[in-house]
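Keep in mind the model is a prediction, meaning the values are calculated, not measured. The sequence lines fix the lettering, A, B, ..., with proteins before strands; numbering per chain opens at 1.
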Number of protein chains: 6
Amino acid sequence: MCRSAVYPGTFDPVTYGHIDLIKRAKVLFPDLRVVVAKSILKRPLFSLLERMKMLRKATEDIEDLIIESFDGLIVDYCHRNKIRIIIRGLRMLSDFEYEFQMALTNRKLLGDIETLFLMPQETYAYLSSNLLKEIASLGGDLSAFVPPFVEKALKDKLKNK
Amino acid sequence: MCRSAVYPGTFDPVTYGHIDLIKRAKVLFPDLRVVVAKSILKRPLFSLLERMKMLRKATEDIEDLIIESFDGLIVDYCHRNKIRIIIRGLRMLSDFEYEFQMALTNRKLLGDIETLFLMPQETYAYLSSNLLKEIASLGGDLSAFVPPFVEKALKDKLKNK
Amino acid sequence: MCRSAVYPGTFDPVTYGHIDLIKRAKVLFPDLRVVVAKSILKRPLFSLLERMKMLRKATEDIEDLIIESFDGLIVDYCHRNKIRIIIRGLRMLSDFEYEFQMALTNRKLLGDIETLFLMPQETYAYLSSNLLKEIASLGGDLSAFVPPFVEKALKDKLKNK
Amino acid sequence: MCRSAVYPGTFDPVTYGHIDLIKRAKVLFPDLRVVVAKSILKRPLFSLLERMKMLRKATEDIEDLIIESFDGLIVDYCHRNKIRIIIRGLRMLSDFEYEFQMALTNRKLLGDIETLFLMPQETYAYLSSNLLKEIASLGGDLSAFVPPFVEKALKDKLKNK
Amino acid sequence: MCRSAVYPGTFDPVTYGHIDLIKRAKVLFPDLRVVVAKSILKRPLFSLLERMKMLRKATEDIEDLIIESFDGLIVDYCHRNKIRIIIRGLRMLSDFEYEFQMALTNRKLLGDIETLFLMPQETYAYLSSNLLKEIASLGGDLSAFVPPFVEKALKDKLKNK
Amino acid sequence: MCRSAVYPGTFDPVTYGHIDLIKRAKVLFPDLRVVVAKSILKRPLFSLLERMKMLRKATEDIEDLIIESFDGLIVDYCHRNKIRIIIRGLRMLSDFEYEFQMALTNRKLLGDIETLFLMPQETYAYLSSNLLKEIASLGGDLSAFVPPFVEKALKDKLKNK
């Protein structure tokens, strides 16, 4: 049972920071499920399908990785799939705040689920999806932050807005 | 004079965290006034009337509690009512930041008014109104966070959006 | 070369905090350029022209100050103008987070540019542009925070919204 | 009853920040008691008597101010004196952490006592007693931070160490 | 392999916060080893033997729990025992800082070891071992924070100092 | 004049983080002076002479670097040498707190001196001198954090304690 864990997120879009975390978590929890949340309230830039497709392509060299979408509470997903561990990356300060709230709220919603926080590689510790969108909108080079095909998709999407 | 204090907020909607704070403040300042701010810039989910009504119902067992609405600067409300103490809850880190700014700004606007910060019960220390809305929109159980009638109102409101 | 530095920002609108920082930076870096970013993603209240005009008026007593607008990455501006120093104010906690991300991202985008952080006078350490807009919308007195003509412009702008 | 409050501290030595806070608290709570903790574990530089004496001299222009020493838990002091409000200054981040722990611990020790946090004037928001001692030991000018007689006592004390 | 994890600490002395964390971690990682560090640099109040003994007694109702001492780097312990997961509790802000440093340093020392952070129950989120010692030295009641026999040991130890 | 800056510190001992910062600052301020503070209150592990010697050796490939010791307030050093810029590294959160206090205190001590904060390379963003000493005392490998001769000196020093 301790082989299973869920790594939920919006992945709007997937970054090298996410990929680093998935690789680290996969070693520890062989039955890792990456779950893409619909996240309507966050008004994602990419559709759920686009986010799933990019995430799949970016992780295609990781064997046996399960990628799924889910429209609901992540604790419900865990409950249905009998998984007790939620993995979250912990970057810097503001993260901590939000993640702390989320983890305690999830625990209150379903008592036997624990959130485990994992540190990304320090070169990704400051990667912010909002900053990426800002740089992309100004035509900056994103090759240090996301795979080439994600950079292209991000710039195409922002051009059409 | 030290019997009087104002506890301002948006209360969108009222939570058990707010109610806990009101009860604590009421013991210390018998002439406590809970003031609901119109808060147009924050684009509240509920109307001012709805927020007032829910707050009244949620605190109906607290005797002699004054609940009012106000559309303006809270320091002006204090000045008009000759009240020198503003009560605010202090939950976690990000709060502190915003509350610090607000308290120093209010002091600059009207020098003889002080903001006193009070800690909520630790089980409510991470309650975030935004997280509540997210959980409600995903159909989660809010019974640990808000009174039943507020949970119903929140889910009805989000359904009709 | 070390005489040159760039102080970029949105300046929506300029505050006494910005002016304090410009004066401090100008003493250290005689060839200081204040660069107003278009910042479409931040949805500024004032147009780029309005922000430039207010900034110019608010700093007219500072000799030889260069004020320019730029629509692109600030590191590109630095590269074109052979400037290696970006100046940023560091107010309080949340700032630090965002500025940390920005500085490390800019360094990754263009390796030989450094961000230097400068502290504003402590009386401006909590000045938040969002709080100013909130106070202005409620008719509060802004004379301690912005020049009189900025206060008037801010209130006019918010009235017409 | 709401007229009474306790402001506990080590006051090693008293600074303009403490005096500012005492004045603000005295206006709100006319029956304010400043309680000097023995604080053996903190290994204060000045003896309890010296700290009391300096505090008395520094506040001699504040009428009806009660200054006492106490060797025990502050909640016990409150309980014996039937006081329900503890006042604490809240300066910056690290404070918050420690004060948060202290307030919740005190509440657990005695449930009907509340800690109210008050912001000092922003010019004192960064005053640190340790930094003061460092500056004093290097012969720096402390006139902006402590009364002249405290500066003299601090330098004499550090010379004799 | 994912069944194994190490929970290292000084445990000076063990608190209900530690016990809560051990119970949570034990469910997720059945082969959990609690490792008591000698920690000479931290100058613990209790000897290694005393800390081990109290920890054993406090967790005697948890079946199959391995408690060991270790005098060295925790990554070396992991390496020798072929364990890849270090568990740490994450309480509040200052923790995060130190734990972040420690986790990244450990990763640099031995690349294939990950630190997973777990949140304690929120009622223990502010428990500080230093605050406990302060309260104990002043004769306060510790029954909400540590088991009765630990309270007795702590008070005896502080009396004899 | 803007060519000159001071980078003060205790350097107990010098780390790759310090060296990284010195190199970055030297490019921006050709007349950079690294000033080693005696720092008696911090009880350094190495003597002033040892710290100077290690710093000199670790930076011998940086041309024209001035390294001096100073026993007094850094603002006095600046004043005597007509330097207006103090450079400080800004690593993570707790730094910010202390550096903020220090910078504002220095400004109050001597008004025309500014502290400029520079970010170290992100791989050094969590390097803590205390953590290094802890690892060294436990026989850990420090080759990623300090030059080999510093690692040897640190381990020799700790062995003889």
Of the backbone (N, CA, C, O) and the side chain (C-beta and beyond), which part of Arg88(F) lies under 4.5 Å from a heavy atom of chain C, both, or neither? neither
Does any non-hydrogen side-chain atom of Met119(C) lie less than 4.5 Å from one of Arg107(F)? yes
Partners meeting side chain to side chain contact (heavy atoms under 4.5 Å, CB included) with Leu138(F) (sequence neighbours left out): Asp71(E), Leu73(E)
Is the number of heavy atoms from other residues, nucleotides or ligands under 6.0 Å of Lys38(C) NZ greater than 12? no
Could you give the distance from CZ (Phe117(F)) to CG (Leu116(C)), rounded to the nearest 0.5 Å? 11.0 Å
So Val27(C) and Arg84(F), do their side chains get closer than 4.5 Å, heavy atoms only? yes
Please round to the nearest 0.5 Å and tell me the distance separating atom CD1 of Ile85(C) and atom CG of Leu28(F). 4.5 Å
Does NZ in Lys155(F) sit with more than 12 non-hydrogen atoms of other residues, nucleotides or ligands closer than 6.0 Å? yes
If I take atom CG from residue Asp112(F) and atom CZ from residue Arg24(C), how far apart are they, to the nearest 0.5 angstrom? 10.5 Å
Where is the tightest heavy-atom contact between Leu118(C) and Thr115(F), given as atom of each residue plus distance? CD1-O, 3.8 Å
